[in-house]
Amino acid sequence: MILFLVAALCFLFYAYSTWTFSYWRKKKVKGPPPIPLFGNIKDIVLFKSFPGECHQKIYRQYPEERYVGIYQLRTPTLLLRDPDLIKHVFVKDFEHFVDRGFHTNEEREPLTAHLVSLEGSRWRNLRAKLTPAFSSGKIKNMFPLMSQCSDNLVSFIKDQLKGDKGDLEVREVTARFTTDVIGTVAFGLQFDAMSGDSVFREMGKKITQPTLSNAMGRATRAFFPWLFDALQMRTFPLEIHTFFTKFVKETIDYRQASGEKRADFLQLMIQLKNMDATLSQAEDSLVFTDSVIAAQAFVFFLAGFETSATTLSFCLYELALNPSCQEQAFREISTVRAKHETLSYEAVNEMTYLELLLEETMRKHPPVANLSRVCNKAYAIPGSDLTIDPGVAIVVPVHALHHDPINFPDPERFIPERFSNKDRLKNHSYLPFGEGPRHCIGMRFAMLEMKLALSQILWHYKVTQCPKTAIPLKIDPKTFITTPVGGVWVNLSLRN
Ligand code: HEM
């Protein structure tokens, strides 16, 4: 009897995991054969390769196709290869693909009611309210706060190098800087992540560390949302929720009681809260409360510090390997500094070669290796007989597109000049910040912050390879943001 029950359960589980596997065959869409339980992402599930690499393998198997039908576990997913089709999905026909399909449980975890995971009209309303906070003018006002953090960065590196040969793991250094910046502008406090015992840096590590339990939690949430809920699992430990929520509430209370105002995101959100309290709201609008502010500040922290830190560290790595690019950057920094005397907002904006360096860095090492959307209204793929149904997931393999020689000749070489022609940035094969109405809201902020940090580091230090510099870098399969195993090691020496 027990044997029969076990056999029946195994059969049911097998049937459940393979039930959807005829979807693409019936629609006559080409794709690799799926494996029971895993679909086509076994290497991701078993942490053998990072998502960018796994999707790149599939991308390369179908050079003639505009799209490929795959299964992420049992979810039918269309992997897009054709930049023109990507433009349709992300921009022209966005109405069919508004959501990312990230599972959340707002009641249990109010901190997950943020811009990245909200859906439909609640996302649309929130995006419209937050967009003015990221305008050029508002970001310019935040520059003095950012600038102070960049001075701390220079001193921090100086301290690290005292009595040392100068070999440094720079991902930790850049993460401290970007934590400091986001802390200052989103939470309204000098986090001082550059000091040894910063509690915010520790929180950042807890959230992003490539541990097995973090990765398992993410995988369960993405692929078995019902199990995630049934087991009362959390996206982040309770400690993190309590810490960020309490922190934001206390800062808001302090500002409102003291009347203190600062040119930062928190202040802009407090203004939204005060406005929301006086206006009547549409039913589907997310009213700004302390908890909603905490969720947005949290997502700016989450989406902002690691992506920028990883890009900066990859850029320093490439500069160590490409000394002529570094010298050109140094010449630009010298010229602009001589002209402006101080490292002002205008001065950093004039450093156009630094922009090329960052663009090429994100081409070669996109921090977000894949973009996702979910089809919310049946969609007829233009120029084909295919109609996809609501619930079908979309994957845009950014890493693969960035490494396809058709899009970027000689893709493994670091050539910043490719981006001298700005049309490259408009091509839908280059997507470090995503695309369309749901593209990265923090893009301009991130570019300014990264240019500022680079201009400071390269002005004070020369970056070279050291014995620990890994060539090539190996990407950790357990992380969501592209992260090299063992960090990024280079040598920094003071310039005369
Ligand atoms: C190098 C730095 C960064 C990179 C590479 C990056 C990349 C991305 C990407 C790929 C997306 C998804 C876009 C899509 O699905 O089309 C995204 C979304 C987002 N990013 Fe960034 N990001 C960076 C910095 C920042 C910063 C500094 C902030 C905040 C201060 C931020 C806040 C967000 C938010 C809130 C979203 C969700 C937007 C929405 O759904 O409406 N990001 N980012």
Side-chain angles (χ1 to χ4, degrees), residues 50 52 149-150 152-161 164-183 191-198 200-211 214-215 301-322 326 354 357-358 360-369 399 414 432 446-447 449-454 456-458 460-493:
F50 78 104
C149 297
S150 79
N152 293 348
L153 168 69
V154 175
S155 317
F156 178 76
I157 297 178
K158 207 171 273 172
D159 284 348
Q160 295 293 302
L161 299 185
D164 207 341
K165 289 197 313 283
D167 296 355
L168 209 57
E169 198 288 286
V170 283
R171 202 171 175 282
E172 174 60 21
V173 177
T174 54
R176 279 173 180 258
F177 165 69
T178 56
T179 301
D180 219 13
V181 172
I182 288 290
F191 278 179
D192 201 13
M194 307 312 295
S195 73
D197 48 3
S198 158
F200 284 92
R201 179 67 197 119
E202 288 313 309
M203 288 292 162
K205 277 190 196 164
K206 275 191 187 152
I207 297 168
T208 57
Q209 248 169 14
T211 60
N214 274 355
F301 178 69
L302 204 65
F305 96 85
E306 218 199 348
T307 43
S308 317
T310 220
T311 304
L312 274 172
S313 62
F314 278 129
C315 188
L316 293 173
Y317 172 83
E318 289 295 345
L319 291 175
L321 267 52
N322 296 278
Q326 188 176 165
L354 295 194
L357 287 180
L358 290 165
E360 176 65 344
T361 300
M362 288 185 284
R363 200 270 311 156
K364 228 183 136 184
H365 311 278
V368 182
H399 177 84
F414 185 75
M447 284 305 280
E449 166 195 31
M450 293 191 296
K451 278 172 73 182
L452 174 63
L454 261 191
Q456 287 273 38
I457 297 174
L458 300 180
H460 291 277
Y461 301 98
K462 191 166 181 165
V463 189
T464 50
Q465 292 179 48
C466 70
K468 284 188 176 173
T469 309
I471 306 175
L473 288 168
K474 187 172 163 18
I475 304 303
D476 197 317
K478 295 192 290 303
T479 53
F480 176 67
I481 301 292
T482 311
T483 310
V485 177
V488 177
W489 283 87
V490 292
N491 183 280
L492 294 183
S493 56

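All values derive from a computational prediction rather than experimental measurement.
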Distance, nearest 0.5 Å, that separates SG of C315 from CG of N322: 10.0 Å
Shortest non-hydrogen contact from S308 toward T178: CB-CG2, 3.6 Å
Within-4.5 Å side-chain heavy-atom neighbours: D167 and K468: no
Rounded distance (nearest 0.5 Å) linking atom OG1 of T179 with atom CZ of R201: 5.0 Å
Stepwise side chain to side chain contact (heavy atoms under 4.5 Å, CB included) check, L357 with F414: CA-CA 9 Å; L357 287 180; F414 185 75; 4.0 Å; yes
Nearest heavy atoms of T482 and V368, plus distance in Å: OG1-N, 4.4 Å
Donor-acceptor contact below 3.5 Å, side chain T307 vs main chain G304: yes
Worked verdict on T469 versus L321 for side chain to side chain contact (heavy atoms under 4.5 Å, CB included): CA-CA 9 Å; T469 309; L321 267 52; 4.2 Å; yes
Minimal non-hydrogen separation, F177 against A453, with atom names: CE2-CB, 3.4 Å
Distance, nearest 0.5 Å, that separates CG of N152 from CG of D180: 5.5 Å
Salt bridge flag under 4.0 Å for residues E306 and R171: yes
Exercise: identify the closest heavy-atom pair between L161 and G166: CD2-CA, 3.6 Å
Residue pair L492 / Q160, side-chain heavy-atom distance below 4.5 Å: no
Interatomic spacing from NZ in K451 to CD in Q456 - rounded to 0.5 Å: 14.0 Å
Geometric class of the H365/Y317 ring pair [parallel <30°, tilted 30-60°, perpendicular >60°]: perpendicular
Note: E172-R176 ion pair, threshold 4.0 Å (strictly below): yes
Any donor-acceptor pair under 3.5 Å from E169 side chain to V488 backbone: yes
Atom of K165, atom of N491 and distance for their closest heavy-atom approach: O-ND2, 3.1 Å
Heavy-atom side-chain contact between F314 and P484 under 4.5 Å: yes
Gap separating the CG atom of L316 from the OG1 atom of T464, nearest 0.5 angstrom: 11.5 Å
CA sep, side-chain torsions, deciding dist, call: T310, T174, side chain to side chain contact (heavy atoms under 4.5 Å, CB included): CA-CA 8 Å; T310 220; T174 54; over 6 Å; no
Intermediate values then yes/no, side chain to side chain contact (heavy atoms under 4.5 Å, CB included), K474 and F50: CA-CA 10 Å; K474 187 172 163 18; F50 78 104; over 6 Å; no
Closest approach of Y461 to Q326 (non-hydrogen atoms, all atoms of both residues): O-OE1, 4.2 Å
Atom NZ of K364: over 12 foreign heavy atoms under 6.0 Å: yes
Criterion side chain to side chain contact (heavy atoms under 4.5 Å, CB included) against I157, the qualifying member of V154, D159, L153: L153
